[in-house]
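To keep things clear, I will list the structure first and then write my remarks on it.
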Amino acid sequence: MKLLNIAYLKAQKIKLIIFDVDGVLTDGGLYFSDEGIELKRFNSLDGLGIKLLKQSGVEPAVISARNTPNVAHRMGNLGIEHFYQGQSNKQIAYQELLDQLSLSPEQVAYVGDDVIDLPVMRNVGLPIAVANAHDLVKDNACIVTEKLGGHGAVREMCDFILKAQDNYDSAMSAYLA
């Protein structure tokens with residue numbers, strides 16, 4: 001992970017973290033059954049990281065350009081209340097989130113992987129790219145994860161924010177008792 005002291009300071013202010021889906025919460029592959037049903041692979045480590053972050057007071061949200069029932073199902077499993085699908089212009093959903101939650105851009109992190117994520121990433125306090133992101137996305141990120149999208153990159157960032165906000169030890173204490 002490209003760790004900068006500035007990233008750690010920015011992470012201390014985060015109240016909302018927004019995730020893209022394909023390539024961030026999943027490995028970016030599009031899998032189809034013989035019947036044409038789309039399947040996606042999610043990482044369970046990422047899911048628990050999101051839940052721990054939410055318990056610590058950082059609200060998770062998802063903005064996806066695609067619209068699939070399996071993603072809605074996964075977001076329900078994770079308890080993600082702020083979930084937008086079919087957003088070709090992610091800025092609209094982003095602005096709605098800022099208004100709804102009364103947050104400033106400095107209080108928001110965004111995790112993306114492709115150029116469609118750049119308009120939002122360039123307007124948040126903590127822009128994050130997964131390791132396998134497009135080079136232009138990496139160039140515009142404050143942090144580039146060590147792990148690939150769909151393979152623990154989200155958990156890596158959840159843990160990073162928990163540590164920056166001094167909530168990591170208390171989040172892990174229940175599992176060390």
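- Q91 places no side-chain N or O within donor-acceptor distance of the main-chain N or O of N89, the cut-off being under 3.5 Å.
- No donor-acceptor pair closer than 3.5 Å links the side chain of K147 to the backbone N or O of E156.
- Cluster annotation: L103 is not connected to L126 through the hydrophobic network of ILVMFWY side chains, with a link wherever side-chain heavy atoms come within less than 4.5 Å.
- Considering every non-hydrogen atom in both F19 and C158, the closest pair reads CZ-SG, 4.4 Å.
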Donor-acceptor contacts under 3.5 Å from residues 167-177 side chains, at least two apart:
residue: S170; atom: OG; partner: N167; partner atom: O; Å: 3.1
residue: S173; atom: OG; partner: S170; partner atom: O; Å: 2.8

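- The closest side-chain heavy-atom distance from V21 to R66 is not below 4.5 Å.
- Taken to the nearest 0.5 Å, the CD1 atom of I92 stands 10.5 Å off from the CD atom of Q95.
- The shortest non-hydrogen separation linking L162 to S56 is CD2-OG, 3.4 Å.
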(message) Under the criterion side chain to side chain contact (heavy atoms under 4.5 Å, CB included), I'd like the reasoning laid out for V137 against M121: C-alpha separation, chi angles, the key distance, then a yes or no.
(response) CA-CA 8 Å; V137 175; M121 285 181 69; 3.6 Å; yes

(request) Report the C-alpha separation of V124 and Y94 in whole Å, then their side-chain angles, then the decisive distance to 0.1 Å, and conclude whether the side chain to side chain contact (heavy atoms under 4.5 Å, CB included) test is met. (result) CA-CA 10 Å; V124 299; Y94 170 61; 3.7 Å; yes

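- Tested against Y110 for a side chain to side chain contact (heavy atoms under 4.5 Å, CB included), the candidates I128, I17, D117, L16 yield a single pass: D117.
- To the nearest 0.5 Å, atoms CZ (F83) and CD1 (I18) are separated by 13.5 Å.
- Placement of V62 and L52 within a single hydrophobic cluster is found when ILVMFWY residues are connected by side-chain heavy-atom separations under 4.5 Å, directly or transitively.
- Residues C142 and I6 come closest through the heavy atom pair SG-CG2, 4.1 Å.
- Environment of CZ in R41: crowded, with over 12 heavy atoms of neighbouring residues, nucleotides or ligands closer than 6.0 Å.
- The side chain to side chain donor-acceptor pair (under 3.5 Å) check on D22 picks up K40, with sequence neighbours excluded.
- Put simply, the side chain of Q107 never gets that close to the backbone of K15: no donor and acceptor are under 3.5 Å apart.
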(request) Carefully, step by step, assess V71 and F42 under the rule side chain to side chain contact (heavy atoms under 4.5 Å, CB included). (result) CA-CA 9 Å; V71 173; F42 294 92; 4.2 Å; yes

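- The closest donor-acceptor contact from the side chain of K54 to the backbone of G79 lies under 3.5 Å.
- Between the side chain of D113 and the backbone N or O of D20 there is no donor-acceptor pair closer than 3.5 Å.
- Other residues sharing the hydrophobic cluster of F32, ordered by chain and number and joined by side-chain separations under 4.5 Å: L30.
- Within a 6.0 Å sphere centred on CG of D99, other residues, nucleotides and ligands contribute more than 12 heavy atoms.
- The heavy-atom pair separating A131 from L148 by the smallest distance is CB-CD2, 4.0 Å.
- Interatomic distance, I143 CD1 to K138 NZ, rounded to the nearest 0.5 Å: 14.5 Å.
- Panel note: side chain Q85, backbone T68; a donor-acceptor pair is recorded below 3.5 Å.
- Other residues sharing the hydrophobic cluster of L39, ordered by chain and number and joined by side-chain separations under 4.5 Å: Y31, I37.
- Checking Q100, E96, M75 one by one against H82, the side chain to side chain contact (heavy atoms under 4.5 Å, CB included) holds for a single residue, Q100.
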(request) Could you walk me through whether M157 and V130 pass the side chain to side chain contact (heavy atoms under 4.5 Å, CB included) test, one step at a time? (result) CA-CA 9 Å; M157 286 301 88; V130 295; over 6 Å; no

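- Criterion: ILVMFWY side-chain heavy atoms under 4.5 Å apart, direct or through other members. Under it, L45 and L25 are not part of a common hydrophobic cluster.
- Under the 3.5 Å distance criterion, the side-chain polar atoms of S88 are left unmatched by any main-chain donor or acceptor of A65.
- Hydrophobic cluster membership is shared by V58 and I50, with clusters built from Ile, Leu, Val, Met, Phe, Trp and Tyr side chains linked at under 4.5 angstrom.
- Checked against side-chain contact (heavy atoms from CB on, under 4.5 Å), A164 has the following partners two or more places apart in sequence or in another chain: Y8, A11, Q12.
- Applying the side-chain contact (heavy atoms from CB on, under 4.5 Å) criterion to D46, with sequence neighbours excluded, gives N43, V154, R155.
- Once rounded to the nearest 0.5 Å, the distance linking NZ of K13 with OG of S104 reads 8.5 Å.
- Panel note: side chain D27, backbone G23; no donor-acceptor pair is recorded below 3.5 Å.
- For the pairing with V108, the side chain to side chain contact (heavy atoms under 4.5 Å, CB included) check across I14, L98, L97 returns one residue only, L98.
- To the nearest 0.5 Å, the span separating NZ on K90 from CG on L118 amounts to 10.0 Å.
- The closest side-chain heavy-atom distance from Y84 to S64 is not below 4.5 Å.
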